[in-house]
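Residue numbers count from 1 along this sequence. Scope of the values below: all heavy atoms of this structure, side chains included, with no hydrogens, waters or symmetry mates. It should be emphasised that the depicted structure is a prediction, and the values quoted were computed from it without experimental measurement.
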Amino acid sequence: MENYFYNALNHFLFEEAGGGAIRHLANRGYTAKQITESLSFPIPYEKVREAFTKHLLENGILLREKPGVGTMPEKAEYVREYDRYGKPSFRRVVVETSKGQPERQSTDRKWMETDFEKFLILYRSGAKSPVPAEETDLIRAEKNIYISWEFGTDKKEDMLRVLDKGQKEYLEGICFTGRLMYHLLDRRMFGIAMKLWESGLPVGIVYVQC
């Protein structure tokens, strides 16, 4: 019981100190390192990484299982509010459909698996296919295209060597578990995949909603 209250207290203090701010900055496209440097109060980088990764998972930007398997999270956004003393806080709000019901992604839709090079050919040909989501609107972006990612491989150092500073910062700010994970193919991840592909390094499998 003591551990329960201790953990609950720690969670409450963390949320009050910076949980909402971390999510807000993550929604604006900041990396975990940029968030750590932007906070007006000190929070350890590792704690920011954990909160940052949790936020990506909760909003379907990062998946532990391949698309179409398991329950996809509901879409949500964080709204800044102020109390009567002007103190800001952030409240999680589930995005609703036009019918007034929380919008959840269907898990029974079909997905096509293809390698990055074949996807790139389709993308460049102008064929009708999903395009990388804009970084600034990932929470509301259609979750219809992902790329598999395994950052704990023996190729990690080679991968980091060919990426630019911002790309490296982004990947290092995610708590990869050493197992295969799946990231929404947004503009940033598309740029990372392109760098790896052009350097002859392994690129993950692309999953496209049919």
Side-chain angles (χ1 to χ4, degrees), residues 18 21-39 43-67 73 78 113-124 129-209:
I22 291 171
R23 293 187 291 267
H24 175 69
L25 293 174
N27 291 346
R28 293 180 59 187
Y30 283 48
T31 66
K33 183 177 180 181
Q34 289 172 328
I35 292 172
T36 304
E37 295 171 346
S38 299
L39 295 174
I43 295 181
Y45 174 60
E46 286 306 312
K47 290 289 291 183
V48 173
R49 286 184 71 228
E50 292 173 8
F52 182 74
T53 303
K54 181 180 178 182
H55 182 62
L56 298 185
L57 287 165
E58 287 181 343
N59 287 280
I61 297 168
L62 187 67
L63 306 177
R64 288 195 176 98
E65 296 178 310
K66 70 179 182 180
Y78 290 85
E113 300 181 21
T114 184
D115 61 48
F116 182 74
E117 186 169 1
K118 290 179 180 177
F119 170 78
L120 193 58
I121 291 172
L122 286 174
Y123 177 69
R124 286 175 167 173
S129 63
V131 297
E134 296 292 341
E135 291 175 40
T136 54
D137 197 22
L138 296 186
I139 302 302
R140 291 181 176 274
E142 180 68 19
K143 307 299 192 300
N144 60 352
I145 176 169
Y146 286 83
I147 187 168
S148 62
W149 203 259
E150 189 173 14
F151 197 51
T153 67
D154 56 359
K155 296 289 185 181
K156 177 179 176 179
E157 294 305 319
D158 291 334
M159 293 163 62
L160 291 176
R161 195 174 295 116
V162 302
L163 301 179
D164 64 34
K165 179 182 177 182
Q167 293 170 333
K168 287 189 288 188
E169 271 188 17
Y170 182 72
L171 292 179
E172 291 176 328
I174 298 175
C175 298
F176 288 102
T177 60
R179 56 178 286 186
L180 201 62
M181 300 182 81
Y182 307 83
H183 196 291
L184 180 69
L185 190 62
D186 57 10
R187 295 287 177 180
R188 175 155 44 194
M189 288 302 293
F190 182 76
I192 290 172
M194 279 295 298
K195 283 281 187 70
L196 298 180
W197 180 73
E198 291 170 347
S199 301
L201 293 170
V203 184
I205 299 296
V206 177
Y207 295 78
V208 182
Q209 180 194 356

Carefully, step by step, assess Ile174 and Trp149 under the rule side-chain contact (heavy atoms from CB on, under 4.5 Å). CA-CA 11 Å; Ile174 298 175; Trp149 203 259; over 6 Å; no
side-chain contact (heavy atoms from CB on, under 4.5 Å) assessment of His24 paired with Arg28: CA-CA 7 Å; His24 175 69; Arg28 293 180 59 187; 3.8 Å; yes
Is a side-chain donor or acceptor of [X] paired with a backbone partner of [Y] at a separation under 3.5 angstrom?
X: Arg188; Y: Gly166; result: no
X: Lys118; Y: Phe116; result: no
X: Arg49; Y: Glu172; result: yes
X: Lys168; Y: Met159; result: no
X: Thr53; Y: Cys175; result: yes

Show the nearest heavy-atom pair for residues [X] and [Y], with the distance to one decimal.
X: Ile147; Y: Ala193; answer: CD1-CB, 4.0 Å
X: Thr114; Y: Ile205; answer: O-CG2, 3.5 Å
X: Ala21; Y: Leu39; answer: CB-CD2, 3.9 Å
X: Pro202; Y: Leu196; answer: O-CD1, 3.8 Å
X: Arg64; Y: Arg179; answer: O-NH2, 3.1 Å
X: Gly173; Y: Phe52; answer: O-CD2, 3.5 Å

From [atom1] ([X]) to [atom2] ([Y]), nearest 0.5 Å:
X: Ile61; Y: Lys143; atom1: CD1; atom2: NZ; result: 6.0 Å
X: Glu37; Y: Thr31; atom1: CD; atom2: OG1; result: 7.5 Å
X: Leu171; Y: Leu160; atom1: CG; atom2: CG; result: 7.0 Å
X: Leu201; Y: Asp158; atom1: CG; atom2: CG; result: 6.0 Å
X: Met189; Y: His183; atom1: CE; atom2: NE2; result: 5.0 Å
X: Lys33; Y: Lys165; atom1: NZ; atom2: NZ; result: 5.5 Å

Start with the C-alpha distance between Arg140 and Asn59, add both sets of side-chain angles, then the distance that settles side-chain contact (heavy atoms from CB on, under 4.5 Å), and finish with yes or no. CA-CA 9 Å; Arg140 291 181 176 274; Asn59 287 280; over 6 Å; no
Under 4.5 Å between any side-chain heavy atoms of [X] and [Y], yes or no?
X: Leu120; Y: Phe190; value: yes
X: Phe119; Y: Ile145; value: yes
X: Thr36; Y: Ile22; value: no
X: Met181; Y: Leu57; value: yes
X: Tyr146; Y: Leu185; value: no

Using side-chain contact (heavy atoms from CB on, under 4.5 Å), reason through Leu62 and His55 one step at a time and then give a plain yes or no. CA-CA 9 Å; Leu62 187 67; His55 182 62; over 6 Å; no
Salt bridge present between Lys66 and Glu113 (N-O < 4.0 angstrom): yes
